[in-house]
Amino acid sequence: MDTVTHTLFGLTTYGALDKSRTDKQTKRALLFTALLSSQAPDLDVVARVTETGRIMDQMWHRGLTHSVFVAPIWALLIYALVWVIWRKKDKMIFYLALVNVIIHIGTDSLNAWGTGFFEPFSSIRISIGVLPILDFVIWGIFLGAYIYKKVKRNQSTYKIWRVAWMIVLAHISIQAAQGLWIHQEARTTYEQTTLTASFLPAHFTVLAKEDNRILVYDQTLWSKQEEPVVIESNEEEDLTPLFEENPRAEVLMTWSPFVVVTTDDGKLGVYDPRFYRGDGPMLFESIDLTN
């Protein structure tokens, strides 16, 4: 998910706590915990300051820091930091940190970018593709709860945020059920498949690979694009020069479910077809063949 959504997750989990008997310093500690833990797994971006980090960015970003096995370590580190700053040992600090880290990791795993959910025990990228990276429905639910809270000032704030979270979880569950149904249908037809979610709820894009062709089509539970877009991939090309001159290409190929191999415009390259926009692929690594 995007940074704003992760921040909203932190603010609203803090809001969902009953703090009626909590002192001011503990409230500050809890708010700090919620915000930091909602962003903590993305601290892996600091690796980009090194050359190796920039080469391995696709694998390292959302890699080990987004592992479910590392989540308790994040929570302990944040708990320790809070103790250093506020000298608070409330167990709620640890649990709030753990919940927010798991929410971060879980929602990132549900979109196409994916996470190293089981690292270091498995390098498999978990990218389920049932949520868009930016989900406006979740924003809308939280905005609606905020407006309701402002209007109904006599209502318990934490109860409003808990109801909002129940609606968010229902939305995610419904979205996931639809996406998984569509993906399973595609798997019965094609050799390799992957899924991405549209910004429009209940709308998905299926990508399927057969030999040197990649088929791309939009689908919902009630409709399906009749004629898929067909992308030809030059699978017979020798990619050794590409990997030698541009190591990021090999990383991208390892990271992606499958790639398109292209020799267009005098360039040998690979790109991930899931992230293709009108002006071209977003994730494209290549070398110039004309030199």
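- With Asn246 contributing its side chain and Arg248 its backbone, the two residues share a donor-acceptor pair below 3.5 Å.
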_Assess the residue pair Ile231 and Tyr271 against the criterion (side chain to side chain contact (heavy atoms under 4.5 Å, CB included)); give the C-alpha distance rounded to whole Å, side-chain angles, the decisive distance to 0.1 Å, and a yes or no._
CA-CA 12 Å; Ile231 303 172; Tyr271 67 86; 3.5 Å; yes
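- Glu210 and Thr189 get closest at one heavy-atom pair: OE2-O, 4.0 Å.
- For Lys88, the salt bridge (charged side-chain N to carboxylate O under 4.0 Å, His left out) test picks out Asp23, with sequence neighbours left out.
- Hydrophobic clustering of Ile, Leu, Val, Met, Phe, Trp and Tyr side chains at less than 4.5 Å, counting indirect connections, unites Val4 with Ile172.
- Formation of a donor-acceptor pair under 3.5 Å by the His203 side chain with backbone atoms of Pro201 is found in this model.
- Residues Glu235 and Val261 have side chains in contact (heavy-atom distance under 4.5 Å, counting atoms from C-beta outward).
- Taking the centre and axis of the six-membered ring of Tyr14, the NZ or CZ atom of Lys19 falls inside the cone set by 45° and 6.0 Å.
- The number of heavy-atom neighbours closer than 6.0 Å to CG of Asp238, taken from other residues, nucleotides and ligands shown, is above 12.
- Using modelled atom types and a 3.5 Å distance limit, the side chains of His104 and Asn100 yield no donor-acceptor pair.
- Side-chain polar atoms of Asp90 and Thr26 form no donor-acceptor pair below 3.5 angstrom.
- Within 6.0 Å of the CD1 atom in Ile124, the count of heavy atoms belonging to other residues, nucleotides or ligands does not exceed 12.
- Scanning for ring pair (Phe, Tyr, Trp, His ring centres under 6.0 Å) contacts around Phe284 gives an empty result, with sequence neighbours left out.
- Judged by distance alone, with hydrogens and angles left aside, the side-chain atoms of Ser233 form no donor-acceptor pair with the main-chain N or O of Val260 at under 3.5 Å.
- For the residue pair Trp113 and Ser127, no side-chain donor N or O sits within less than 3.5 Å of a side-chain acceptor on the partner.
- Atom NZ of Lys159 sits in a sparse spot, with 12 or fewer heavy atoms from other residues, nucleotides or ligands closer than 6.0 Å.
- Asp272 has a carboxylate O that lies under 4.0 Å from a charged side-chain N of Arg274, or vice versa, which qualifies the two as a salt bridge.
- Under the 4.5 Å side-chain heavy-atom criterion for ILVMFWY residues, no single connected hydrophobic cluster contains both Val70 and Leu98.
- Formation of a donor-acceptor pair under 3.5 Å by the Asn111 side chain with backbone atoms of Gly129 is not found in this model.
- Proximity of Ile103 to Ser38: side-chain heavy atoms (C-beta onward) are nowhere separated by under 4.5 Å.
- In the hydrophobic cluster analysis, where Ile, Leu, Val, Met, Phe, Trp and Tyr join through side-chain heavy atoms closer than 4.5 angstrom, Val101 is grouped apart from Trp83.
- Among all heavy-atom pairs drawn from Ile214 and Val259, the shortest one is CD1-O, 3.8 Å.
- Ring-plane geometry between Phe118 and Phe69 is classed as tilted, the angle between the planes lying from 30 to 60 degrees on a 0 to 90 degree scale.
- In this model, a donor atom of one side chain and an acceptor atom of the other lie less than 3.5 Å apart for Thr7 and Gln39.
- In this structure a side-chain-to-backbone donor-acceptor pair under 3.5 Å is missing from Asp218 to Gln225.
- Thr12 places a side-chain N or O within donor-acceptor distance of the main-chain N or O of Phe9, the cut-off being under 3.5 Å.
- When side chains are defined from C-beta on, Pro273 counts as touching Phe258, because their heavy atoms get closer than 4.5 Å.
- The aromatic rings of Tyr190 and Tyr217 are tilted relative to each other, their planes meeting at an angle between 30° and 60°.
- A donor-acceptor pair is defined here as one N or O able to donate and one able to accept, closer than 3.5 Å; no such pair exists between the side chain of Glu285 and the backbone of Ala249.
- Closest non-hydrogen pair, Ala202 versus Gln178, comes out as CB-OE1, 3.2 Å.
- Although no hydrogens or angles enter the test, the distance criterion places no donor-acceptor pair under 3.5 Å between the side chain of Glu185 and the main chain of Trp181.
- In the hydrophobic cluster analysis, where Ile, Leu, Val, Met, Phe, Trp and Tyr join through side-chain heavy atoms closer than 4.5 angstrom, Tyr158 is grouped apart from Leu8.
- Proximity of a side-chain donor or acceptor of Gln175 to a complementary backbone N or O of Val130 within less than 3.5 Å is detected.
- A single hydrophobic cluster is seen to contain both Leu36 and Ile85, as judged by linkage of ILVMFWY side chains at heavy-atom distances under 4.5 Å, directly or through other members.
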*Can you check side chain to side chain contact (heavy atoms under 4.5 Å, CB included) on Asp2 and Trp139, steps first, answer last?*
CA-CA 11 Å; Asp2 65 294; Trp139 284 25; 3.6 Å; yes
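- The shortest distance between side-chain heavy atoms of His171 and Asp135 falls below 4.5 Å.
- More than 12 heavy atoms of other shown residues, nucleotides or ligands fall within 6.0 angstrom of atom CD in Glu191.
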*Take Leu17 and Tyr95 through the side chain to side chain contact (heavy atoms under 4.5 Å, CB included) test and state the conclusion after the steps.*
CA-CA 11 Å; Leu17 295 176; Tyr95 291 127; over 6 Å; no
*Please report the C-alpha distance between Asn212 and Glu232 in whole Å, then the side-chain angles of each, then the deciding distance to 0.1 Å, and finally whether the side chain to side chain contact (heavy atoms under 4.5 Å, CB included) criterion is met.*
CA-CA 6 Å; Asn212 64 336; Glu232 296 290 338; 3.6 Å; yes
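- Shown here are the ring pair (Phe, Tyr, Trp, His ring centres under 6.0 Å) partners of Trp161, two or more places apart in sequence or in another chain: there are none.
- Aromatic rings of Phe142 and Trp165 (six-membered ring for Trp) have centroids within the 6.0 Å cut-off, being under it.
- For Lys149, the NZ atom counts as densely surrounded, since its 6.0 Å shell holds more than 12 non-hydrogen atoms of other residues, nucleotides or ligands.
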